[in-house]
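Order of listing sets the numbers, starting from 1, for every ligand and every atom in it.
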Amino acid sequence: MAKIIDGKAVSAAVRAGAKQEVEALKAQGIQPGLAVVIVGDDPASRVYVNNKKKACAEIGIHSEEYALPKETTQEELLDLVCRLNDKKDINGILVQLPLPKGLDEKEVIETISPLKDVDAFHPQNVGRIMIGDYHFLPCTPAGVMELLKSADVEICGRDCVVIGRSNIVGKPMAMLLLHQSGTVTICHSKTQNLKEVCRRADILVAAVGIPKFVTADMVKPGAVVIDVGMDRDENGKLCGDVDFQNVEPVASAITPVPGGVGPMTIAMLMKNTIRAAKLQNEKR
Ligand code: GUN
């Protein structure tokens, strides 16, 4: 029986800490603020944005939503980002991705002030993560690190395998494990002998976006398995990248979906917004 790593509980603890930090900042006259920009009417994005606003309200962070129609032009979106860069009561800017077709995500990300980039997607922040001198960590990989810490998982010297090489999860995830002295392998769709590579992992992180991709024969007995996936199975039911039912008996610890990595992402966004408020107040 694997230990089930409870993302809801760890997220609640992180948010409680964040709430206390906000109260301490308010006592110094600093009110952290987050702007969330959503373009178009993607239903999943709408749910994510609502959850982010709810978390802000719970913690005492001022939040502003900018909901733009899907016909918004690149110029209009860049203009909004520039105005938010200059807005004094906004410390963090999050442009919900994916953007509708025709909009250039890369240019939008590069227009966000690096000091307000609470997603840590700006190339300057990505570079800072690479050299281990960062202000912000991307929310999902940072949430995974927090879960590993909560479960007392030793990373130093252990074999860590990350499946997936996205800029948002796979690449920064690998870098954070490396910073903790893990021996890190990144796998992807062209990796040969994927099963054998995964079976070497003491810590296996799945971020592929394919339902139940990680099967029991890919997991070393006693491994820690972290599931970043948010997929739908053949019956339309929410599931992860890991075949939980069959992998759980093999692993020593595992995150469920839902209730694992998902709740951590928003908690880490709250922490980044607080960090942004502190940074911007140091600079004044
Ligand atoms: N879409 C899905 N996840 C994320 C995220 O972490 N940040 C942003 N900006 N968009 C997303």
Side-chain angles (χ1 to χ4, degrees), residues 7 11 14-15 33-56 61 63-68 70 72 77-78 80-81 84-85 90-101 103-126 129 134-147 164-173 175-176 205-210 226-232 238 240-241 257-258 260-273 275-276:
S11 167
V14 171
R15 283 183 280 122
L34 174 70
V36 182
V37 180
I38 176 169
V39 188
D41 43 22
D42 178 58
S45 290
R46 171 41 66 197
V47 172
Y48 291 137
V49 166
N50 288 349
N51 288 340
K52 285 165 186 172
K53 280 166 40 188
K54 226 160 63 186
C56 283
I61 292 175
S63 76
E64 294 178 4
E65 178 186 307
Y66 295 83
L68 306 179
K70 64 179 187 305
T72 301
L77 183 53
L78 294 180
L80 171 62
V81 170
L84 294 172
N85 281 342
I90 288 300
N91 304 111
I93 303 170
L94 182 142
V95 179
Q96 188 66 32
L97 303 179
L99 290 171
K101 271 206 189 77
L103 293 172
D104 179 354
E105 284 181 0
K106 182 169 170 286
E107 191 183 21
V108 172
I109 289 167
E110 291 184 9
T111 303
I112 296 172
S113 160
L115 285 176
K116 294 193 176 185
D117 171 36
V118 285
D119 267 324
F121 292 167
H122 189 287
Q124 193 174 309
N125 288 323
V126 174
I129 291 161
Y134 43 77
H135 302 308
F136 307 113
L137 290 177
C139 300
T140 300
V144 171
M145 296 309 282
E146 203 66 35
L147 287 178
R165 55 174 156 177
S166 71
N167 289 334
I168 294 181
V169 182
K171 285 187 218 170
M173 187 71 251
M175 206 48 66
L176 299 194
V205 181
V208 254
I210 301 172
I226 303 289
D227 191 346
V228 181
M230 193 68 92
D231 315 311
R232 297 269 166 195
L238 192 63
D241 290 350
V257 176
V261 175
M264 293 306 296
T265 302
I266 289 184
M268 303 321 280
L269 173 68
M270 299 297 104
K271 284 191 69 149
N272 279 350
T273 305
R275 176 109 174 93

Participant: Only counting residues at least two apart or in another chain, list the ones meeting side-chain contact (heavy atoms from CB on, under 4.5 Å) with V81.
Facilitator: N85, V95, V108, T111, I112
Participant: Near ligand 1, which residues have a heavy atom under 4.0 Å away from one of its atoms?
Facilitator: L94, V95, Q96, L97, D119, F121
Participant: Kindly give the heavy-atom pair with the smallest separation between N91 and A276, and that separation in Å.
Facilitator: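 Looking at all heavy atoms of both residues, the closest pair is O-CB, 3.4 Å.
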Participant: Any idea which heavy atoms bring A142 and L137 closest together, and the distance?
Facilitator: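 Scanning both residues completely, I find the closest heavy atoms to be CB-CB, 3.8 Å.
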Participant: Between K116 (side chain only) and L84 (backbone N and O only), is there a donor and an acceptor less than 3.5 Å apart?
Facilitator: yes
Participant: Locate the shortest heavy-atom distance separating V126 from A120; write the atom from each residue and the value.
Facilitator: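 So the two residues come closest at CG2-O, 3.9 Å.
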Participant: For D117 and H122, work out which heavy atoms get closest and say how close.
Facilitator: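 So the minimum-distance heavy-atom pair works out to OD2-N, 2.8 Å.
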